[in-house]
Amino acid sequence: MRTPLTRLAATGVLAGTATMGLVVAVTAALAAPASATPSQGVTADDLAELELAPSLLPPPPAGHPPLPDETEGSLRRLVIAPGGSTGWHHHNGHVQGIVVSGTLTRVLADCSRVVSGPGSWVSEDPGSDHVGLNLGSDPVVLLVTYLLPDDEPFAEDAPARCS
């Protein structure tokens, strides 16, 4: 069901994010090798996808690699059920998003934790391992934009870094 917020996100977040050269993310459920931690309780809906010409976008944020010549922009709605986890992973491009509802807890590669409530903007550095957790009793809903090299997956599994 599309609400005014999801309509706004589908038009504004992707357009604004693409215009700013930003992308969102936590991850969709992916098959995980034995050394990785599999996702649990994560669903993803693709809302929009388009090919982008990096020459039309401003430079990526500091610390992010340049955009490749062939870039795919995607907007996804991710839901992490209570007790759910994205599993440890990283992204090979620019990923950013907004927490629509619930409280997202991210554990970063250095084992630090970042807690983000509704309305919080989250950003992932390309190649940085992390895991997204829902430690609350309500679903975590995220609108995530991805700017990835052509044909790259939304996320790649990574081994657990912290207990």
Side-chain angles (χ1 to χ4, degrees), residues 1-31 39-81 84-106 108 114-134 138-158:
M1 173 180 195
R2 297 195 111 193
T3 66
L5 179 60
T6 59
R7 278 194 300 275
L8 173 66
T11 57
V13 171
L14 184 61
T17 300
T19 300
M20 294 168 33
L22 306 174
V23 181
V24 174
V26 174
T27 186
L30 298 171
S39 64
Q40 296 178 331
V42 178
T43 58
D45 295 312
D46 295 329
L47 302 177
E49 185 175 297
L50 59 120
E51 294 289 325
L52 298 169
S55 62
L56 300 176
L57 301 172
H64 287 229
L67 293 170
D69 290 338
E70 295 184 23
T71 301
E72 291 181 8
S74 299
L75 173 66
R76 304 181 91 202
R77 178 179 184 265
L78 302 173
V79 178
I80 306 172
S85 167
T86 64
W88 280 89
H89 66 280
H90 64 264
H91 309 280
N92 292 324
H94 307 273
V95 177
Q96 294 189 356
I98 190 167
V99 179
V100 175
S101 61
T103 301
L104 173 67
T105 300
R106 291 179 298 144
L108 308 180
V114 179
V115 178
S116 304
S120 297
W121 190 254
V122 296
S123 177
E124 306 295 352
D125 291 334
S128 295
D129 294 346
H130 59 279
V131 62
L133 306 169
N134 181 351
D138 296 320
V140 170
V141 178
L142 302 154
L143 291 173
V144 180
T145 62
Y146 301 78
L147 288 179
L148 300 170
D150 198 26
D151 296 325
E152 282 288 327
F154 290 108
E156 290 196 26
D157 293 326

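Residue numbers run from 1 in the order of the sequence given. These numbers come from the heavy atoms of this one structure, side chains and all, not from hydrogens, waters or symmetry mates. Everything numeric in this text was worked out from a predicted model, so none of it was measured.
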Chemist: Quick one: do the H90 and H130 side chains pair a donor with an acceptor below 3.5 Å?
Modeler: no
Chemist: So, does D129 use its side chain to make a donor-acceptor pair with the main chain of A158 at under 3.5 Å?
Modeler: no
Chemist: With rounding to the nearest 0.5 Å, note down the distance linking CG in N134 to CG in L104.
Modeler: 8.0 Å
Chemist: If I compare all heavy atoms of D46 with all of R76, which pair ends up nearest, and what's the gap?
Modeler: OD1-NE, 2.6 Å
Chemist: Look up atom CG in L78 and atom CG in D45, then write down how far apart they are to the nearest 0.5 Å.
Modeler: 8.5 Å
Chemist: Given S85 and V131, is the side-chain contact (heavy atoms from CB on, under 4.5 Å) satisfied, shown in steps?
Modeler: CA-CA 7 Å; S85 167; V131 62; 3.4 Å; yes
Chemist: Locate the shortest heavy-atom distance separating R106 from S116; write the atom from each residue and the value.
Modeler: NH2-OG, 4.3 Å
Chemist: Between NE2 of H91 and OG of S123, what distance do you get to the nearest 0.5 Å?
Modeler: 9.5 Å
Chemist: Got a second to check how far L148's CG is from T71's OG1, nearest 0.5 Å?
Modeler: 8.5 Å
Chemist: Any non-hydrogen side-chain atom of I80 less than 4.5 Å from a side-chain atom of L142?
Modeler: yes
Chemist: Please name the pair of heavy atoms, one in P139 and one in V79, separated by the smallest distance, quoted to 0.1 Å.
Modeler: CB-CG1, 4.0 Å
Chemist: If you look at every heavy atom in G93 and P126, which pair is closest and at what distance?
Modeler: O-CG, 3.3 Å
Chemist: Mind running side-chain contact (heavy atoms from CB on, under 4.5 Å) on L143 and L47 for me, showing each step along the way?
Modeler: CA-CA 9 Å; L143 291 173; L47 302 177; 3.8 Å; yes
Chemist: Which atom pair, heavy atoms only, marks the closest approach of G102 to P118?
Modeler: O-CD, 3.2 Å
Chemist: Kindly give the heavy-atom pair with the smallest separation between G117 and V99, and that separation in Å.
Modeler: O-CB, 3.4 Å
